[in-house]
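Here is the structure we will look at, set down as structure tokens.
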Amino acid sequence: MLKVTFSSGIFFGLAAVVSGAGLYPWIDHERLESRTQVVPNGGRSEVFSIRLPVDRIASLGTERSSLGAASFPAALALPDSLGTEPMQIDHFKVRDTGGNVIGVASRHTVDLPDATAVTWSLSFPSRGALWLVGQFDSAALDVAVAELGYQPGQAWAGDVDFRVGDSESPTGEVRGGTNEFSTLTGVFTESWHITGVGDMGEPRGTIELDTTTFLAQ
């Protein structure tokens, strides 16, 4: 089931990224130098960030109480054939550690019987696409902000640091990609720093994707 979910996420994610690249003129910037660091065992580390809400391009999903589930823009809606499936689809601008917008990303989450699958497809001009897949507890972030007083439908301000998945291990795996990412494997960690939530459920803060990659053997 996870394999099917991942494949579907990559397909729809890439389609959305390609469409977004044609619709958003800010994607036509020159390539910036990659901000990577070498790790002791021969791999490389690269961190990508998303600033909320300014970097959110679009969001839509089925009815659920989870953070950021409201459609953005409000007129967006899933096809009727998917309207009953528990899923969330988000498209973002992506920044490097210097704060420069360097690409776009599609994040898909789909509920499974024992967990929630999350897939990321990040696309960078002149570099290619990077694919990530993992699992997490979809309710954990909602619980974290609720414990500090957030209630759905009401604006809230606070400070929550949340790491998706097991706090002692990476969120998931790097599954390669295209062009310069096609021969890479590794792990990634997805972290959220929430500083507030709007009255429509839109989060404020940052999402950080910390990747460690190696050449596939």
Show the atom names and distances, to 0.1 Å, of all donor-acceptor pairs under 3.5 Å that link a side chain in residues 193-201 to residues at least two apart or in another chain.
residue	atom	partner	partner atom	Å
His193	NE2	Asp159	OD1	2.6
Thr195	OG1	Arg204	O	3.4

The side chain to side chain contact (heavy atoms under 4.5 Å, CB included) partner of Leu209 among Leu122, Thr189, Leu130 is Leu122

Would a distance-only check, ignoring hydrogens and angles, find a side-chain to backbone donor-acceptor pair under 3.5 Å from Thr171 to Val164?
yes

Name all residues meeting the ring-ring contact (aromatic ring centres under 6.0 Å, His included) criterion together with Phe48; count only those two or more places apart in sequence or in a different chain, and write none if there are none.
Phe124

For Ala105 and Val94, work out which heavy atoms get closest and say how close.
CB-CG2, 3.4 Å

Hydrophobic cluster membership, with links at side-chain heavy-atom distances under 4.5 Å among I/L/V/M/F/W/Y: are Val174 and Leu215 in one?
yes

SB check Arg56 Glu202 (cutoff 4.0 Å)
no

Is the shortest side-chain heavy-atom distance between Thr213 and Phe181 below 4.5 Å?
no

Could you pull out the closest heavy-atom pair between Val47 and Glu208, with the gap in Å?
CG1-CG, 3.4 Å

All heavy atoms of Pro170 vs all of Arg163, minimum pair found to be N-NH2, 3.9 Å

Between the main-chain N or O of Val145 and the side-chain N or O of Asp142, is there a donor-acceptor pair closer than 3.5 Å?
no

Non-hydrogen side-chain atoms of Lys93 and Ile57 separated by less than 4.5 Å:
yes

Between Thr185 and Glu173, is there a side-chain heavy-atom distance shorter than 4.5 Å?
no

After noting the C-alpha distance and the side-chain angles of Ser191 and Asp161, does the key distance pass the side chain to side chain contact (heavy atoms under 4.5 Å, CB included) rule?
CA-CA 7 Å; Ser191 302; Asp161 285 311; over 6 Å; no

Looking at every non-hydrogen atom in both residues, tell me the closest pair between Val39 and Ser45 and how far apart they are.
CG1-CB, 3.8 Å

So which atom in Leu52 and which in Pro203 form the shortest heavy-atom distance, rounded to 0.1 Å?
CB-O, 3.5 Å

Would you mind reporting whether Trp131 and Thr178 have side-chain heavy atoms less than 4.5 Å apart?
yes

Between Thr116 and Val110, is any pair of side-chain heavy atoms under 4.5 Å apart?
no

Report the C-alpha separation of Val118 and Arg107 in whole Å, then their side-chain angles, then the decisive distance to 0.1 Å, and conclude whether the side chain to side chain contact (heavy atoms under 4.5 Å, CB included) test is met.
CA-CA 7 Å; Val118 57; Arg107 181 184 191 266; 3.8 Å; yes

Closest heavy-atom contact between Arg95 and Val54?
NH2-CG1, 4.3 Å

